[in-house]
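Below is one structure; the comments refer to it alone.
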Amino acid sequence: MTLEIYNTLTRKKEPFKTLKPNRVSMYVCGPTVYDKAHVGHAMSVLVFDVIRRYLEYKGYEVELVMNYTDVDDKIIQRALVEDVDSIQIAERYIEEFNCHLEALNVLPAAEYPRATDEIKHIIKSVKALVDKGYAYQANGDVFYRIEKFDDYGKLSGRDIEDMEAGSRVDVDSKKEHPMDFALWKAAKPNEPSWDSPWGKGRPGWHIECSVMSLHHLGEQIDIHGGGNDLVFPHHENEIAQSEALTGKQFASYWVHNGMMQLSGAKMSKSMGNLVTIDAFLEEYEANVLRMMVLNSSYRSPLKFNEETIEHAQKALKRLRSALKPARSQEGGFEGSLVEEAEKAKETFQEAMDDDFNTSAALAGLFDLVREINQARDVGADDQTLAEGQRILKKLTGVIGLELEKEEIKSGDAEPFIDLLVEVRDKLRESKQWELSDKIRDDLEELGVILEDSPQGTQWHWE
RNA sequence: GGCGACGUAGCCAAGUGGUAAGGCAGAGGUCUGCAAAACCUUUAUCAUGGGUUCGAAUCCCAUCGUCGCCUCCA
């Protein structure tokens with residue numbers, strides 16, 4: 001089976017071919033760290049985590065780099081408001097984001113470069129672009145000359161004339177062309193700045209990604225990812241910079257995730273319609289957010305509301321239902337789950353090979369869940385169930401779901417619960433329904449669910 | 001205004017030429033003292049209108065609607 005990936009550059013699904021055998025270099029645009037991250041950022045991170053995990057499952061060695069933009073207007077502004085150094089602002093939110101990544105069960109990247117650590121490389125690259133005629137300086141600013149780059153607009157599918165007609169560009173007389181963008185910005189008072197051949201200043205936003213990708217992953221990479229709000233201008237400009245520098249195709253596959261929506265609009269800091277990752281994780285486990293992402297197509301917008309959250313919770317619960325132990329070890333079931341597990345695996349792989357179709361992949365897993373539960377109902381023992389459960393756990397692991405995590409409740413209470421259940425069994429034997437139902441109801445209030453069956457009573461945490 | 005994506009059952013969501021995966025919710029049933037859980041059965045002609053085709057949700061055109069980008073943004 002061959003993996004196909006939708007490439008924004010060609011607007012088609014294409015067979016995945018790597019530059020080097022069995023190795024994938026992958027660069028994902030990380031956040032600008034000027035404020036708390038929201039679940040939209042988490043979505044992006046989760047999408048690329050799933051992609052990375054699946055590539056590794058397919059046997060590729062993945063080298064993933066995700067950057068932090070730690071110098072930018074908004075960070076500087078925030079620093080002014082709080083009257084602290086902008087580095088401190090960046091540091092605070094980078095640290096926080098790192099914690100989020102761990103909480104969200106995101107596999108670590110090989111590198112997390114930051115713009116301010118790469119100033120030397122950035123200056124070198126800007127200088128090279130000037131030398132090649134792709135950039136020019138004007139009063140301490142350096143701009144990219146987009147008309148010099150023939151392919152400008154190839155990623156976002158626009159041509160320069162269309163954009164000029166539509167956009168109301170501020171009159172910036174220093175630019176040769178209104179769409180030219182800043183590679184280097186001359187320092188204003190009270191801004192962080194670095195010495196450069198053009199005087200004190202700081203890098204523009206787009207150049208950092210080009211340079212960090214070049215520096216950490218080389219001139220050409222397999223996959224470049226990010227939110228689809230970055231297609232233009234950010235990624236378009238990255239292509240212009242990188243390809244002007246190297247003369248080679250920058251990234252083979254451009255992969256973009258859709259936006260998280262809240263109340264019918266894109267979740268964003270500037271609009272204020274957001275739910276922070278912190279706020280979400282206070283109420284729900286990380287798997288719920290991941291399930292929300294998996295349940296839909298990564299390229300489509302994802303609605304964030306009570307209903308979709310609940311939906312994800314229930315789907316998660318359903319997957320977990322298959323991991324419950326057998327009712328009996330007597331073995332009244334002759335069959336085997338090996339074949340069903342194999343089938344689920346095939347469905348899963350075919351779906352994932354089709355541009356990471358996680359929704360269809362989950363369908364295969366739900367089928368397996370039903371097979372396992374069916375087998376349990378007709379008396380399969382733990383060993384038989386495990387044939388299916390093993391594959392289920394493996395495949396959910398490939399998409400980063402943790403089915404077994406919830407068992408970390410306080411173990412101290414368990415003997416007492418067992419005792420109550422035992423007492424209740426005696427009550428039921430003597431048909432004292434009122435009292436036995438009270439025990440069941442009260443335990444439920446405390447988060448303990450009792451399930452009676454002909455083979456006895458099992459309990460689990462809610 | 002320009003560019004792009006999307007519009008499938010009550011909801012979420014696959015499916016891109018041969019008469020609609022899966023999940024949730026709903027209905028009925030099995031099991032149960034009653035529940036819960038699980039299992040079984042059941043629920044759509046694919047925004048609208050044209051066109052191409054033996055045949056379209058799937059291709060083309062138009063209309064309506066939603067969203068994204070065009071300014072910082074995952």
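Each chain gets a letter, A, B and so on, in the order the sequences are listed, and its residues count up from 1.
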Using the side chain to side chain contact (heavy atoms under 4.5 Å, CB included) rule, take A:Arg290 and A:Ile399 through it: C-alpha gap first, then chi angles, then the decisive distance, then the call.
CA-CA 9 Å; A:Arg290 189 178 283 263; A:Ile399 47 183; 5.7 Å; no
Checking contacts here: which listed nucleotide (B:rC72, B:rC12, B:rA74) is nearest the side-chain heavy atoms of A:Lys303?
B:rC12
Between B:rG17 and B:rC46, how far apart are the two C1' atoms, rounded to whole Å?
15 Å
With ring-ring contact (aromatic ring centres under 6.0 Å, His included) as the criterion, how do A:His256 and A:His235 come out once you've worked through the C-alpha distance, each side chain's angles and the decisive distance to 0.1 Å?
CA-CA 10 Å; A:His256 293 100; A:His235 289 164; 4.9 Å; yes
Take the protein atom NZ of A:Lys12 and the nucleotide atom P of B:rG4, then report the distance between them rounded to whole Å.
15 Å
Just to be sure I understand the rule, does A:Asp377 reach a base, reach only the sugar-phosphate, or reach nothing, if contact means heavy atoms closer than 4.0 Å?
base
Sequence-distant partners of A:Asn373, side chain to side chain donor-acceptor pair (under 3.5 Å), two or more places apart
A:Ser321, A:Arg376
Are any of the side-chain nitrogens in A:Arg114 or A:Glu91 under 4.0 Å away from the carboxylate oxygens of its partner?
yes
Which letter, B, S or -, goes with each nucleotide of nucleotides 14-27 of chain B from 5' to 3', with contact meaning a protein heavy atom under 4.0 Å?
SS-----BSBSS--
Integer-rounded Å distance: B:rC3 P and A:His235 NE2
23 Å
Pairwise P distance, B:rC24 and B:rC59 [rounded to whole Å]:
30 Å
Separation of the P atoms in B:rA57 and B:rA20, to the nearest angstrom
9 Å
May I have the distance from A:Arg11 (atom CZ) to B:rC69 (atom P), rounded to whole angstrom?
15 Å
Could you tell me how far B:rG10 sits from B:rG26 if I compare only their C1' atoms? Round to whole Å.
8 Å
The residue, A:Asn373 or A:Tyr6, whose nearest nucleotide of RNA chain B is more 5′ is A:Tyr6
Roughly how far apart, to the nearest Å, are B:rC12 and B:rC31 at atom P?
36 Å
Rounded distance (Å) that lies between atom P of B:rC39 and atom CD1 of A:Ile372
11 Å
Can you tell me the pairing partner of B:rU16 across any strand shown, Watson-Crick or G-U wobble, with both distances under 3.5 angstrom?
none
Pairing of A:Asp441 and A:Lys438 as salt bridge, 4.0 angstrom limit
no
Most 5' of A:Lys317 and A:Gln261 on RNA chain B, judged by nearest nucleotide
A:Lys317
Is any side-chain N of the basic residue among A:Arg440 and A:Asp452 closer than 4.0 Å to the acidic one's carboxylate O?
yes
Tell me what A:Ala265 touches on the nucleic acid: a base, only sugar-phosphate, or nothing, going by heavy atoms under 4.0 Å.
sugar-phosphate
In whole angstrom, give the distance that lies between atom CD of A:Glu307 and atom C1' of B:rA13.
13 Å
Return the value, rounded to whole Å, for the distance between atom NE2 of A:His234 and atom C1' of B:rC70.
16 Å
Please determine, for B:rA44, whether a Watson-Crick or G-U wobble partner exists with both distances under 3.5 Å, and give it or none.
none
Base-pairing assignment for B:rG1 (Watson-Crick or G-U wobble, both under 3.5 Å):
B:rC70
Just to be sure I understand the rule, does A:Gln458 reach a base, reach only the sugar-phosphate, or reach nothing, if contact means heavy atoms closer than 4.0 Å?
nothing
I'd like to know if the side chain of A:Asp70 pairs up with that of A:Tyr93 as donor and acceptor (distance under 3.5 Å, no hydrogens or angles considered).
no
Sidechain N-carboxylate O distance under 4.0 Å for A:Asp72, A:Arg78
no
Counting Watson-Crick and G-U wobble pairs only, both distances under 3.5 Å, name the nucleotide matched with B:rG65, or none.
B:rC6
Starting from C1' on B:rC6, measure out to CZ on A:Arg299 and report it in whole angstrom.
11 Å
Taking 4.0 Å as the cut-off, does a side-chain nitrogen or oxygen of A:Gln374 come that near to OP1 or OP2 on B:rA38?
no
Integer angstrom distance from the C1' of B:rG18 to that of B:rA56
9 Å
Counting side-chain heavy atoms from CB outward, which of B:rC69, B:rA38, B:rG68 is closest to A:Asn228?
B:rG68
Is A:His38 touching bases, backbone alone, or none of the nucleic acid, heavy atoms closer than 4.0 Å?
base
Given the rule in the side chain to side chain contact (heavy atoms under 4.5 Å, CB included) test, do A:Leu155 and A:Phe232 qualify, once you have shown the distances and angles that lead to the verdict?
CA-CA 8 Å; A:Leu155 179 69; A:Phe232 189 89; over 6 Å; no
So what does A:Gly264 hit on the nucleic acid, given a heavy-atom distance under 4.0 Å: a base, only sugar-phosphate, or nothing?
sugar-phosphate
Is it true that A:Asp377 and A:Arg327 have a side-chain N and a carboxylate O under 4.0 angstrom from each other?
yes
Classify the nucleic acid contact of A:Gly40 as base, sugar-phosphate or nothing, counting any heavy atom under 4.0 Å across all strands shown.
base
At 4.0 Å (heavy atoms only), tell me whether A:Met260 reaches a base, stays on the sugar-phosphate, or touches nothing.
base
Say you pick atom C1' in B:rA13 and the same atom in B:rU8; how far apart are they, in whole Å?
9 Å
For B:rC69, take OP1 and OP2 only and decide whether either is under 4.0 Å from a side-chain N or O of A:Lys266.
yes
Over how many whole Å does the gap from A:Leu155 atom CG to B:rC70 atom P extend?
13 Å
Pair A:Asp35 + A:Lys74, salt bridge at N-O below 4.0 Å:
no
Quick test of your reading of the model: are A:Glu451 and A:Lys324 salt-bridged, counting only N-O distances below 4.0 Å?
yes
Does A:Lys324 put a side-chain nitrogen or oxygen below 4.0 Å from OP1 or OP2 of B:rA37?
no
Strand partner of B:rU52, provided both Watson-Crick or wobble distances fall under 3.5 Å:
none
Mate of B:rG33 across any strand shown (Watson-Crick or G-U wobble, both atom pairs under 3.5 Å) is none
Between A:Lys426 and A:Glu422, does any side-chain N to carboxylate O distance fall below 4.0 Å?
no
Between B:rU63 and B:rA21, how far apart are the C1' atoms? Round to whole Å, please.
31 Å
Using atom names, set out every protein N or O paired with an N or O of nucleotides 32-36 of chain B below 3.5 Å, distance rounded to 0.1 Å.
| unit_1 | atom_1 | unit_2 | atom_2 | d |
| --- | --- | --- | --- | --- |
| B:rG33 | O6 | A:Arg428 | NE | 3.3 |
| B:rG33 | N1 | A:Asp437 | OD1 | 2.9 |
| B:rG33 | N2 | A:Asp437 | OD2 | 2.7 |
| B:rC34 | O2 | A:Arg440 | NH2 | 2.9 |
| B:rC34 | N3 | A:Arg440 | NH1 | 2.9 |
| B:rC34 | N3 | A:Arg440 | NH2 | 3.1 |
| B:rC34 | N4 | A:Arg440 | NH1 | 3.1 |
| B:rC34 | N4 | A:Asp452 | OD2 | 3.2 |
| B:rA35 | N6 | A:Asp452 | N | 3.4 |
| B:rA35 | N6 | A:Asp452 | O | 3.1 |
| B:rA35 | N1 | A:Asp452 | N | 3.4 |
| B:rA35 | N3 | A:Arg440 | NH1 | 2.9 |
| B:rA36 | N1 | A:Asp452 | O | 3.1 |

